[in-house]
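Just below is one structure, and these are the notes that go with it.
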Amino acid sequence: MTRFLFAPDIDFAGIRDQLGVDESYGDDALAEARDSVDRFADAREDHTGVPFVTIDPPTSRDLDQAVHLAADGDGFIVDYAIADVAALVIPEGALDQESRRRGSTVYFPDGSVPLHPRELSEGSGSLLPEQVRPCVLWTIRVSGDGTVADVQVRRSRIRSVARFDYAGVSADAAAGRLHPSIAALPAFGELRQSVAMDRGAVELDLPDQQVSRTEAGWRLDLEPHTPADMWNSQLSLLAGMCAGTIMAEAGIGLLRTLPPADPEAVEDLCAAAKALGVEWPDGLAVGRFLAGLPGDRPSTLAIQSAASGLMRGANYLALDGSDEARAIPDDKKQHAAIAGLYAHVTAPLRRLGDRFATEVCLAVTAGREVPDWVMRALPTLPKILRSADTLGATADRAGIDLAEAVILADRVGERFDAVVMSAATERKPAQVFIADPPVVAGCEGDLRPGTRLEVELAAADEVTRTVGFRPV
């Protein structure tokens, strides 16, 4: 059950100021966004007759993806339309340069600061319902065994006919009333997830802490992932893996990479499971072990948290088309958690690199040279994207930390039931999870992951955005 607690008012402006994040794009960039036109309008295929739909959080207006999914024998045909931002942004113009300065959209509880001005990100570039929009259309045929049989990438125009959110899609699936365009989504998602497990992929399913505004004030709650979250993520993963394969084989592009887990991290995870009394059958892959953990046990939260140690070292790899790029070993190109080649291409309104990776895929699959402006940008993108990832994670954590501190400020001295998520390290105290209200914070003491205990709130400081507990 989702639990939550309210605070009448929380001011997140100070976090934006501290991080230097604002919507000052500059007059030239704003003018380009406002006056954007489709540079490839005359070269597009027309798929406006296909009933695409979108699946996004309820308040989102920067809609990057639209989908139409159909059964194909015992397999599927996936038509996945991605907003064509490159068609609307002048290469190396003022808006392009401003987006490179930012790197990504930054999210705060009281709203986002978009990568592109809202005129584009929530207007001309967004795949809003009942609007004809330019897109890059991925048509991917998936065989009955879940493998990819064929991939096409080309520029098109579409019209989305309906907009859904994750909770609604999950409810519709349970009631047997899914929109015809996504009626096959559950079967597709389950098949692709099974294939991922067979591949050796590792997927964490930790619930998300959310800070949201309601009529009663700010609410802190815990949002578990819905089935539709998983089904929809398999669409994005499918396109991203196809893109990664296209670019890796050509030796040119921008890959998202993750090194194999350190053997010590796997040993630590095994030790944590053993300490918690959770059996890990011999020979069972990490991904299948994690996927099989019961969601209602405190030990699962601790093990999933410990498993995040397997995901260290994520990076970006730019390939320049040279013989040296083609000779990079496969294990340096792969994303270990996905257990395959992968690239970001499905969120160009919100992530800078997707626009450039998509242009590479379009060029390679059409047998054309990759545009010069893309080639010039590729070597610069990993640094920009790493910085943007760090900023986004910092903003997300700071918003939650502030909400926790404000909401708990008048409850210092109260006692709460807790579960230890991770032990203390040299750099930070043990981390505990409080279910009601949903808080993750430091706790004094030498604590063992997975242990249930009663803790007392020792501090909740709005100025420093810190919350701390101590064992009773």
Side-chain angles (χ1 to χ4, degrees), residues 47 49-58 63-82 127 129 135 137-153 158 160-205 223-245 285 287-295 337-342 345-347:
H47 289 87
V50 178
F52 284 89
V53 301
T54 60
I55 309 172
D56 290 275
L63 310 185
D64 288 286
Q65 310 117 19
V67 62
H68 179 270
L69 188 61
D72 180 39
D74 59 352
F76 305 91
I77 294 178
V78 180
D79 281 315
Y80 203 34
I82 307 300
L127 304 182
C135 74
L137 182 58
W138 292 77
T139 297
I140 306 170
R141 189 160 63 86
V142 177
S143 299
D145 61 1
T147 59
V148 173
D150 185 60
V151 183
Q152 289 181 276
V153 193
I158 66 158
S160 170
V161 299
R163 174 180 176 175
F164 301 109
D165 60 49
Y166 301 114
V169 169
S170 296
D172 286 348
R177 58 170 184 259
L178 278 172
H179 189 282
S181 295
I182 51 172
L185 183 59
F188 163 83
E190 297 292 344
L191 175 62
R192 286 293 299 176
Q193 186 180 48
S194 176
V195 170
M197 294 295 100
D198 290 342
R199 240 185 8 251
V202 176
E203 299 177 5
L204 300 184
D205 192 26
E223 291 290 345
H225 296 154
T226 68
D229 282 277
M230 184 278 285
W231 304 330
N232 199 56
S233 72
Q234 292 301 325
L235 289 169
S236 183
L237 286 168
L238 174 65
M241 293 186 72
C242 289
T245 300
R288 288 203 178 277
F289 169 68
L290 293 173
L293 294 173
I338 293 171
L341 297 162
Y342 183 67
V345 291
T346 62

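In this text, all values refer to a predicted model and were calculated from it rather than measured experimentally.
- Of the possible polar contacts, none joining the Thr226 side chain to the Ala167 backbone as a donor-acceptor pair under 3.5 Å is found.
- Taking each heavy atom of Ile158 and Ala81 in turn, the nearest pair found is CD1-CB, 3.6 Å.
- Within the 4.5 Å cutoff, no side-chain heavy atoms of Thr346 are placed close to those of Trp138.
- Scanning both residues, Leu127 and Ala66, for their nearest heavy atoms gives CD1-N, 3.8 Å.
- A heavy-atom distance below 4.5 Å is not found between the side chains of Phe52 and Ser181.
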Start with the C-alpha gap between Glu203 and Gln193, add the side-chain angles, then the distance that decides, and say whether side chain to side chain contact (heavy atoms under 4.5 Å, CB included) holds. CA-CA 9 Å; Glu203 299 177 5; Gln193 186 180 48; 3.3 Å; yes
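- Inter-residue side-chain proximity for Ile55 and Gln65 is flagged as unmet; no heavy-atom pair is nearer than 4.5 Å.
- Residue pairs meeting the salt bridge (charged side-chain N to carboxylate O under 4.0 Å, His left out) criterion with at least one partner in residues 64-76, sequence neighbours excluded, are Asp64-Arg350.
- A heavy-atom distance below 4.5 Å is not found between the side chains of Asp79 and His47.
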Side chain to side chain contact (heavy atoms under 4.5 Å, CB included) assessment of Ile77 paired with His68: CA-CA 8 Å; Ile77 294 178; His68 179 270; over 6 Å; no
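- Of the options Val148, Leu341, Val151, a side-chain contact (heavy atoms from CB on, under 4.5 Å) to Thr245 is made by Leu341 and by none of the others.
- The structure places OG of Ser236 at 11.5 Å from CE of Met241, a figure rounded to the nearest 0.5 Å.
- Contact detail for Ser160 and Thr54: the closest heavy-atom pair is OG-CG2, 3.9 Å.
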Go through the steps to decide whether Leu237 and Tyr342 satisfy the test side chain to side chain contact (heavy atoms under 4.5 Å, CB included), and finish with yes or no. CA-CA 8 Å; Leu237 286 168; Tyr342 183 67; 3.9 Å; yes
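- Side-chain contact between Asp165 and Asp56 is absent, with no heavy-atom pair separated by less than 4.5 Å.
- Summarising the geometry of Met197 relative to Ala291, their closest heavy-atom pair is SD-CB, 4.0 Å, with the distance given to 0.1 Å.
- To the nearest 0.5 Å, atom CD of residue Gln234 and atom CG of residue Asp229 are 11.5 Å apart.
- For Thr139 (side chain) and Gln152 (main-chain N/O), no donor-acceptor pair under 3.5 Å exists by modelled atom type.
- Looking at Leu69, Leu238, Thr147 one by one, the single match for side-chain contact (heavy atoms from CB on, under 4.5 Å) with Val142 turns out to be Leu238.
- Taking the side chain as every heavy atom from C-beta outward, Leu191 and Phe76 approach each other to under 4.5 Å.
- Side-chain contact between Ile140 and Tyr80 is absent, with no heavy atoms from C-beta onward closer than 4.5 Å.
- Across all their heavy atoms, Ser170 and Ala228 have their closest contact at OG-N, 3.0 Å.
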Test side chain to side chain contact (heavy atoms under 4.5 Å, CB included) on Trp231 and Val169; report intermediate values, then the result. CA-CA 10 Å; Trp231 304 330; Val169 169; 4.3 Å; yes
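- Using a 4.5 Å cut-off on side-chain heavy atoms (C-beta onward), Leu178 and Pro186 make contact.
- Arg192 places no side-chain N or O within 3.5 Å of a backbone atom of Leu235 that could act as its donor or acceptor partner.
- A donor and an acceptor atom, one from each side chain of Asp205 and His225, are located under 3.5 Å apart.
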